[in-house]
Amino acid sequence: MAEWTERAELLFKPEGLQKLQNAKVLVVGLGGVGSFAAEFLARAGVGTMTIVDGDVVDITNINRQLPALHSTVGQPKVTVVGDRLMDINPALNLTRVQEFLSPERAFEIVNNDYDYVLDCIDSVTPKINLILGAKRYRVKIISSMGAGGKMEASKVKVADISKTINCSFARTIKRRLKEHNLFKLKVVFSSEIQDPTSLKLTDGSNFKKSFYGTNSYMPGLFGLHAAETVIRYLLKN
C-alpha cells in the first residue's frame with residue numbers, strides 16, 4: 001500500500017484497506033455535504049469514485065463548501081473537488097461528470113457497478129429519481145436530508161427516513177417516495193427544529209423553491225456521517 005495510507009492501514013488492517021481500494025462509489029452533488037463526503041472517502045482510500053455536479057463555485061458557497069474559496073469562484077465544482085481528490089490520492093480512479101442532473105438523467109446515472117451511492121442533492125425531483133435508480137439496481141444508497149436552519153451538531157444522526165423528525169425536507173422526500181411505494185431509505189438528518197426565520201424563497205429554478213441559512217459546520221458534519229456509513233459498510237463487506 002502507498003506510504004500515505006499507513007495510519008489508515010493500522011486501523012482498517014491490510015484486508016480492510018484492500019476492500020476500500022476495490023470499492024466503487026458514486027457521489028452526486030458537491031456542495032457542502034458532498035464535497036466533504038468525497039474528500040473523506042478519498043482520504044480513507046476508496047479506489048474508484050465518480051463525482052457529479054453541474055454547478056460552479058459561487059461566492060455565497062464560501063461559508064460552508066470545501067471547494068469554495070475566493071480564488072475558485074466561477075470554477076466548476078467537479079474541477080476543484082476532482083483536482084483536490086487526485087492530489088490526495090494520485091492513484092484514484094476518478095470520473096468527473098460536470099452535469100446538473102435532470103430528473104430523467106438522475107434516474108439513469110446509477111448502475112450496479114457501484115458499491116454505494118451518496119445522494120447529496122438538494123433538489124427534490126432529481127433526488128427522488130436518483131434514489132429510485134439506486135433502488136432499481138439494488139445499490140446501497142445514503143441520502144442527505146436538510147442541513148439548513150440547524151445549529152446543534154449533536155442532533156445529527158443516521159437513521160431510516162421513517163425515523164426522521166423536525167426536517168421539512170425529509171417530510172417532502174418521504175411523501176414523494178411513498179407515491180412509488182418506497183418506504184425505507186437510509187438518511188443523514190438532524191432532529192433539531194429548523195429556524196424558520198432563516199428561510200429564503202427562490203425563483204424555483206433547478207427544481208429548488210427555497211433554502212435555509214446554513215452555518216460552516218453542519219453540511220460538513222452531514223458529509224462526515226454519510227462517509228462514515230459508507231466506509232464502515234465497505235470494510236464489513
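Heads up: numbering here begins at 1 and tracks the sequence. Reckoned from all heavy atoms, side chains included, excluding hydrogens, waters and symmetry mates.
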Polar side-chain atom of Asn129 near backbone of Pro126 as donor-acceptor pair, under 3.5 Å: no
Would you please name every residue forming a side-chain hydrogen bond (donor to acceptor under 3.5 Å, both in side chains) with Glu108, sequence neighbours left out? none
Leu41 vs Leu118 side-chain heavy atoms within contact, under 4.5 Å: yes
Any chain of hydrophobic side-chain contacts (each under 4.5 Å) joining Leu11 to Leu224? no
Passes side-chain contact (heavy atoms from CB on, under 4.5 Å), Asn215 versus Met151? Steps please. CA-CA 7 Å; Asn215 63 34; Met151 291 286 287; 3.3 Å; yes
side-chain contact (heavy atoms from CB on, under 4.5 Å) for Val124 and Phe169? Distances and angles first, verdict last. CA-CA 8 Å; Val124 173; Phe169 193 48; 3.6 Å; yes
OG of Ser162 to CG of Leu177: how many Å apart, nearest 0.5 Å? 11.5 Å
Through direct or indirect side-chain contacts below 4.5 angstrom among Ile, Leu, Val, Met, Phe, Trp and Tyr, which residues connect to Leu69? none
Run the side-chain contact (heavy atoms from CB on, under 4.5 Å) check on Asp122 and Phe211 step by step: do they pass? CA-CA 9 Å; Asp122 57 6; Phe211 59 85; over 6 Å; no
Find the distance between NZ (Lys155) and CE (Met218) and round it off to the nearest 0.5 Å. 9.5 Å
Could you list the residues that satisfy side-chain contact (heavy atoms from CB on, under 4.5 Å) with Ser143, not counting sequence neighbours? Asp119, Lys127, Ile131, Met145, Leu185, Val187
Could you walk me through whether Ile59 and Ile62 satisfy the side-chain contact (heavy atoms from CB on, under 4.5 Å) test, starting with their C-alpha distance in whole Å, then the side-chain angles of each, then the deciding distance to 0.1 Å, before giving a yes or no? CA-CA 6 Å; Ile59 198 164; Ile62 288 176; 3.9 Å; yes
Report the residues that fulfil salt bridge (Lys or Arg N to Asp or Glu O under 4.0 Å) with Glu9, sequence neighbours left out, ordered by chain and then residue number. none
What residue pairs, at least two apart or across chains, pass side-chain hydrogen bond (donor to acceptor under 3.5 Å, both in side chains) with a residue in residues 186-196? Ser168-Gln194, Asp195-Thr197
Just list the side-chain donor-acceptor pairs under 3.5 Å for residues 225-237, sequence neighbours left out, or say none.
residue, atom, partner, partner atom, Å
His225, ND1, Leu221, O, 3.0
Glu228, OE2, Arg232, NH1, 2.9
Thr229, OG1, His225, O, 2.9
Asn237, ND2, Tyr233, O, 2.7

For residues 27-44, which residue pairs pass the side-chain hydrogen bond (donor to acceptor under 3.5 Å, both in side chains) check, not counting sequence neighbours? Glu39-Arg43, Glu39-Arg84
Tell me, yes or no, whether the heavy-atom count around Lys24 atom NZ, taken from other residues, nucleotides or ligands under 6.0 Å, exceeds 12. no
Report the residues that fulfil side-chain contact (heavy atoms from CB on, under 4.5 Å) with Asn89, sequence neighbours left out, ordered by chain and then residue number. Trp4, Ala91, Leu92
Who are the side-chain hydrogen bond (donor to acceptor under 3.5 Å, both in side chains) partners of Arg176, not counting sequence neighbours? none
Under 3.5 Å donor-acceptor pairs involving side-chain atoms of residues 45-56, not counting sequence neighbours:
residue, atom, partner, partner atom, Å
Thr50, OG1, Tyr114, OH, 3.0
Asp53, OD1, Asp55, N, 2.7
Asp53, OD2, Leu30, N, 2.7

Applying side-chain contact (heavy atoms from CB on, under 4.5 Å), can you list everything that pairs with Thr79, at least two apart in sequence or on another chain? Pro76, Asp83
Give a yes or no on whether Ile193 and Ile165 share a hydrophobic cluster (residues Ile, Leu, Val, Met, Phe, Trp, Tyr; joining criterion: side-chain heavy atoms under 4.5 Å apart). no
CD1 on Ile121 to CG on Leu130, rounded to 0.5 Å: 4.5 Å
Going hydrophobic residue to hydrophobic residue with side-chain gaps under 4.5 angstrom, can you get from Leu66 over to Val80? no
When rounded to the nearest 0.5 Å, the distance separating NZ of Lys19 from CD of Glu15 is 7.5 Å
Are more than 12 heavy atoms from other residues, nucleotides or ligands located less than 6.0 Å from atom CD of Glu179? yes
Has the side chain of Asp115 got a donor or acceptor atom that lies under 3.5 Å from a matching backbone atom of Ala23? no
Straight-line distance of Thr5 OG1 to Glu3 CD, nearest 0.5 Å: 9.0 Å
Is there a path of hydrophobic side-chain contacts, each under 4.5 Å between heavy atoms of I/L/V/M/F/W/Y residues, joining Val73 to Val81? no
Phe40, Ile88: one ILVMFWY side-chain cluster at the under-4.5 Å cut-off? no
My understanding is that a hydrophobic cluster links ILVMFWY residues whose side chain heavy atoms are under 4.5 Å apart, including indirect links. Using that, what else belongs to the cluster containing Leu199? Tyr212
Let me confirm one number: the CG-CD distance from Leu101 to Glu104, rounded to the nearest 0.5 Å. 10.5 Å
